[in-house]
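The structure appears below as structure tokens.
When a ligand or atom number is given, it counts from 1 through the structure's own listing order.
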Amino acid sequence: MQSAMEAWNEIAAGGEQALDIPEPCTVILFGASGDLAGRKLIPSLFRLFQEGHLPAEFTVVGVSLTPMGNEEFRARMRIAATQALGANRVDEAAWNVFARGLYYMTLDVSSAQDYARLGGLLGQVEAERRTRSNRLFYLAVSPTLFGEVVERLGTSGLSRPHASGWSRIVVEKPFGTDLSSARRLNTRLRRYFDEGHIYRMDHYLGKEMVQNLLVLRFANRIFEPLWSRQYIDHVQVTCAEPLGVEGRGGYYEHAGVVRDMIQNHVFQVLSLIAMEPPTSLEPEAVRDAKVRVLETARPFTPERIQAECVRGQYGPGLIAGTRVCGYRQEPGVSPTSGVETYAMLTMRFDNPRWAGVPFYVRSGKRLKERATEVVVQFKEGRGLFGSEQRERLSANQLLIRIQPHESVTLRVAMKAPGRAVRVRDMDMSYVYSSTQEGPPPEAYERLLLDSMLGVSTLYTREDMVERAWELVMPVLDAWSKEGAEPNYAAGSWGPEEASRLLDSHGHTWHGR
Ligand SMILES: NC(=O)C1=CN([C@@H]2O[C@H](COP(=O)(O)OP(=O)(O)OC[C@H]3O[C@@H](n4cnc5c(N)ncnc54)[C@H](OP(=O)(O)O)[C@@H]3O)[C@@H](O)[C@H]2O)C=CC1
Ligand SMILES: O=C1O[C@H](COP(=O)(O)O)[C@@H](O)[C@H](O)[C@H]1O
């Protein structure tokens with residue numbers, strides 16, 4: 001099996017050709033008829049299979065409430081994969097071989113008998129496919145059902161590794177709905193699975209540019225000496241989506257943007273930007289460094305929430321010229337809903353590296369553009385060049401564009417060509433799409449493969465999840481007392497208040 005170190009060395013070397021093939025295994029996919037399974041999981045598994053990263057015996061047993069047989073499941077997954085990947089990326093012959101390994105069983109997560117039947121089916125399928133009993137349980141059901149599934153896997157004995165294999169579990173996000181539910185879920189998981197076999201999914205960690213943050217920071221000598229309060233003025237982390245809740249109103253009404261995006265995806269990116277150098281690239285060392293920096297994050301008090309955080313909810317507006325409804329008019333959403341679809345938090349780290357440096361993080365639905373990015377804004381230079389020589393000159397900036405159009409751009413001052421000495425900004429960019437590698441792989445491909453290989457670096461550890469909840473709980477509590485009102489139009493950059501807040505610190509949101 002590939003070691004974590006080798007996996008990371010490959011990332012640093014930019015090569016994927018040496019990725020290992022996992023042992024034959026069965027993925028037991030809870031929520032097989034759901035959105036995530038059809039849009040991301042099955043297409044990613046198929047791509048891995050088609051590209052030779054999975055063994056021929058690879059098997060999926062899909063389970064969910066909808067009654068259907070294997071053939072219907074295979075047909076549905078074929079449609080889903082074609083929609084997700086495009087017909088030209090689904091090779092007919094490869095699909096037919098892959099589809100032979102797709103099975104389906106109707107299962108109600110709360111029925112003990114159904115787990116007994118699942119055990120029977122697994123034994124049968126493993127014999128038929130001649131696989132060993134390597135089992136990866138993947139929880140792609142509503143987060144409110146995670147605890148129940150774990151408990152039933154445990155009490156039915158399915159969580160116990162079989163003599164001839166391993167037993168692992170992948171838990172989708174959000175991991176719990178608050179700190180106490182996350183703790184309860186962790187306790188339950190640990191009761192039935194070893195920590196080393198628990199994979200807490202945060203698909204942002206599988207994004208190419210998020211992985212690249214480690215390389216950018218620690219494989220380049222030039223950044224580390226500058227990466228502190230001495231040279232950095234502030235940092236911005238943005239996860240903006242033009243999408244609305246896309247038929248997931250029922251889920252979103254209980255989640256809101258802080259649970260859906262900030263507590264997990266945004267904090268993962270933030271911790272990679274702000275952490276101290278890990279002692280090594282081993283999974284535990286990287287995870288330690290990420291948790292440690294979150295431990296130094298200044299807690300949110302009512303005063304800080306009032307002065308340094310902004311929330312919002314989208315009203316009707318225009319997205320790319322098309323009229324869209326407000327959040328309260330979305331299916332499954334209460335017409336008086338107070339759930340926030342936008343949040344901006346000012347994070348501060350009370351440690352020697354970052355004292356006094358604000359980290360502005362924001363995420364929202366129905367914003368103007370899709371943009372996930374990090375802006376590291378350096379301090380002003382010494383001003384040797386006077387205002388008469390400056391032409392559009394701003395401080396240095398490192399822009400890390402995570403998606404779309406993955407790129408890294410360093411803004412530097414340069415002499416404008418000509419006899420006079422005039423100084424202006426120039427951008428030096430590395431644009432991913434201009435390289436020969438083509439578009440980066442789907443995050444789920446990397447992460448699914450890692451879980452089958454037993455590599456956990458890109459999965460979230462229990463203490464990270466809990467620390468992230470600890471940090472956002474005061475915000476969630478304060479905001480739950482009074483509902484959010486529609487205060488930004490769909491297609492805008494969010495509430496005006498978020499821009500005013502940055503203005504009041506002498507800062508401006510990048511690009512808008
Ligand atoms: N969709 C997305 O883009 C993302 C989703 N996630 C996470 O993935 C998970 C799944 O999300 P998503 O696919 O959107 O959800 P969906 O609502 O689309 O799917 C839920 C699935 O759970 C099944 N289910 C519901 N109740 C039961 C039950 N009692 N017993 C067995 N199965 C049941 C449903 O079965 P049936 O339909 O047959 O009733 C369905 O297959 C969530 O935790 C979500 O937070 C994470 C990132 C992105
Ligand atoms: O986890 C989630 O992420 C998606 C955004 O993911 P991306 O990979 O498209 O950036 C978000 O739309 C969804 O609400 C959330 O649950």
For [Y], is there an ion pair with [X] - N to carboxylate O distance below 4.0 angstrom?
| X | Y | result |
| --- | --- | --- |
| Glu466 | Arg183 | yes |
| Arg311 | Glu485 | no |
| Glu462 | Arg190 | yes |
| Glu241 | Arg370 | no |

Using side-chain contact (heavy atoms from CB on, under 4.5 Å) as the criterion, list what pairs up with Pro486, not counting sequence neighbours.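 Result, side-chain contact (heavy atoms from CB on, under 4.5 Å) vs Pro486: Gln313, Arg328.
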Listed by chain and number, what are the side-chain contact (heavy atoms from CB on, under 4.5 Å) partners of Thr106, not counting sequence neighbours?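 Listed in chain order: Pro67, Tyr104.
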Surrounding CZ of Arg160 (heavy atoms of other residues, nucleotides or ligands, distance under 6.0 Å), is the total greater than 12?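 No.
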Atom CD of residue position Glu496 - does it have more than 12 heavy atoms of other residues, nucleotides or ligands inside 6.0 Å?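 Count not over threshold, so no.
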Quickly, which of Leu29, Val125, Ile28 forms a side chain to side chain contact (heavy atoms under 4.5 Å, CB included) with Tyr103? Name it, please.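 In the set Leu29, Val125, Ile28, the residue that makes a side chain to side chain contact (heavy atoms under 4.5 Å, CB included) with Tyr103 is Val125.
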For ligand 2, give me the residues whose heavy-atom distance to it is below 4.0 Å, by chain and number please.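 Heavy-atom contacts below 4.0 Å: Lys173, His203, Tyr204, Lys207, Glu241, Arg248, Asp260, Met261, His265, Lys365, Arg370, Gln403.
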Heavy-atom cut-off of under 4.0 Å around ligand 1: list whichever protein residues fall inside it, by chain and number.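 Near ligand 1, by chain and number: Gly31, Ala32, Ser33, Gly34, Asp35, Leu36, Arg39, Ser64, Leu65, Thr66, Leu107, Asp108, Val109, Ala140, Val141, Pro143, Leu145, Phe146, Glu172, Lys173, Pro174, Arg248, Tyr444.
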